[in-house]
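Quick notes on the structure that follows.
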Amino acid sequence: MSRKPAPTPETGAKPSQSQGSEAQSRRNLKAEDRRAAIIQAAGELFTQHGFEKTSLDMIIAQSGGSKRAIYDLFGDKLALLHAVAVAMIDQVMNPIFDTDLNLKNEKQFLTHLGSSFLLAMISPQGIAIFKELIAQANNTDGLGTKIWQIGPERLQQQLANYLDHLVQKKHYSIANTHVASCQFFSLIKGDLHLKYLIGAAQASDRDNVEQHINNTVDAFLKLIR
C-alpha cells in the first residue's frame, strides 16, 4: 500500500491571525469605503505633517490599500488633497444646506450657521487644509476655484436664500441679499481666522468664540433691519 507523500515544509514566517484578519478586512472593503478610509487617513496626516511631508506610503500604512488604489480613485496626491478638502466641507456644511428655512428664527439660524462656519475654519484640520490649498494654489489647475464653488460660494448662496426668505416675509428690507451674505461671513471670521492661520491665537480667543458669534449675529441683525 502506497504512502501519502509527506507535506512539504512551508518556507517563511506565517502571518499572525490578527494580521491575516486585518488584511482580509482591507481586501473586503468596498470601493467607497476604501476611498473614505484613504481620505480620512490623508486628512489626518496632512494635518499632522503637512502636504509635502506626507508620502503616499504613509497614507497607505494608515488606511490600507495600495498606491494603485490611490491613483485609481483619485489620480494623484494633489487630487487627494482636493478630495480631503471636499470631504471636510461636506461634513461641516451638508447639515447647514439641509436646514429647513422655516424651522428656526433669525437669531437661531444665523448663530448655527456662523458657529458651524467659524469652528470649521479655525479647527486644526481646517487651518491645515487652508494653508495647503494656498501653498499649492500655483501647482493646480483650478483647484482653488473648485473648492470655492463647492464651499464658500454655496454657503454664501444658502444664506442669501435665507435672507430672501426673510424679505419675502417682510421681516427685513435688504437691498442686496448676496452682498449682505458676504458681509456676514466676513464679520463672523473677524480677526480670529487670521490669528489661527498665523499661529497668533491665544487660549482666550477660543474661549471667546461663542461670545464673538453672538455679538456678530446681533450686530448683523441690527444692520439689516
Side-chain angles (χ1 to χ4, degrees), residues 22-23 25-97 113-156 185-186 188-203 205-206 209:
E22 183 178 358
S25 173
R26 288 175 177 172
R27 283 194 296 270
N28 290 339
L29 281 174
K30 295 180 180 178
E32 59 268 26
D33 295 331
R34 189 180 301 282
R35 188 177 189 279
I38 292 172
I39 288 174
Q40 180 177 346
E44 292 171 358
L45 292 169
F46 290 160
T47 301
Q48 295 171 14
H49 307 289
F51 178 78
E52 295 294 346
K53 293 182 179 179
T54 298
S55 67
L56 293 183
D57 288 333
M58 292 167 65
I59 296 171
I60 292 166
Q62 185 159 322
S63 68
S66 64
K67 287 185 180 179
R68 180 176 179 178
I70 291 178
Y71 290 126
D72 287 346
L73 290 169
F74 303 98
D76 56 24
K77 199 167 83 165
L78 279 173
L80 180 53
L81 173 62
H82 173 266
V84 170
V86 170
M88 185 185 72
I89 291 170
D90 286 344
Q91 181 179 3
V92 172
M93 297 186 181
N94 279 348
I96 299 172
F97 297 143
L113 186 68
S115 178
S116 299
F117 172 74
L118 184 59
L119 291 177
M121 291 294 288
I122 66 175
S123 69
Q125 188 176 44
I127 291 295
I129 298 302
F130 191 88
K131 287 180 177 179
E132 295 302 340
L133 289 173
I134 293 174
Q136 300 300 324
N138 295 327
N139 301 327
T140 61
D141 183 16
L143 175 60
T145 300
K146 294 174 184 175
I147 295 298
W148 174 262
Q149 290 172 341
I150 64 173
E153 188 172 71
R154 285 175 65 204
L155 197 55
Q156 288 175 356
F185 289 110
S186 293
I188 284 291
K189 282 200 307 181
D191 61 359
L192 276 175
H193 184 240
L194 181 58
K195 280 186 175 182
Y196 275 89
L197 197 60
I198 64 176
Q202 305 295 322
D205 290 314
R206 186 74 184 194
V209 166

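Since this is a predicted model, take the numbers as computed values, not measurements.
Residues Ala41 and Ile59 share a closest heavy-atom pair of CB-O, 4.1 Å. When every heavy atom of Pro152 is checked against every heavy atom of Ile147, the shortest pair comes out as CD-O, 3.5 Å. Residues Ile60 and Ser66 share a closest heavy-atom pair of CD1-C, 3.5 Å. Residues Gly43 and Val84 share a closest heavy-atom pair of CA-CG1, 3.7 Å. Shortest non-hydrogen contact noted between Ala128 and Thr47 is CB-CA, 3.7 Å. Between Leu197 and Phe130 the shortest heavy-atom distance is CD1-CD2, 3.5 Å.
For the atom pair Ile70 CD1 and Ile39 CD1, the distance stands at 11.0 Å (nearest 0.5 Å). Rounding to the nearest 0.5 Å places NE2 of His193 at 7.5 Å from CZ of Phe117. Taken to the nearest 0.5 Å, the CG atom of Leu192 stands 5.5 Å off from the CG atom of Asp205. Taken to the nearest 0.5 Å, the CD atom of Gln62 stands 5.0 Å off from the CD atom of Glu44. Atoms CG and CG, on Leu133 and Leu78 in that order, are 10.0 Å from each other to the nearest 0.5 Å.
Under a 3.5 Å cut-off, the side chain of Arg35 and the backbone N or O of Ala31 do not form any donor-acceptor pair. In this structure a side-chain-to-backbone donor-acceptor pair under 3.5 Å is present from Lys77 to Thr54.
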Review point. Taking it one step at a time, do Leu113 and Leu155 satisfy side chain to side chain contact (heavy atoms under 4.5 Å, CB included)?
Key: CA-CA 9 Å; Leu113 186 68; Leu155 197 55; 3.7 Å; yes
Practice item. Evaluate the side chain to side chain contact (heavy atoms under 4.5 Å, CB included) criterion for residues Leu45 and Lys53: first the C-alpha distance (whole Å), next the side-chain angles of each, then the deciding distance (0.1 Å), finally the verdict. Key: CA-CA 9 Å; Leu45 292 169; Lys53 293 182 179 179; over 6 Å; no
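Put simply, the side chain of Asp57 reaches to within 4.5 Å of the side chain of Lys67, judged on heavy atoms. Two residues are said to be in side-chain contact when any heavy atoms from C-beta on lie closer than 4.5 Å; Arg206 and Leu119 meet this criterion.
Applying the side-chain hydrogen bond (donor to acceptor under 3.5 Å, both in side chains) rule to pairs touching residues 124-133 yields nothing, sequence neighbours excluded.
Aromatic ring pairs are classed by plane angle as parallel below 30°, tilted from 30° to 60° and perpendicular above 60°; the pair Phe46 and Phe51 is tilted.
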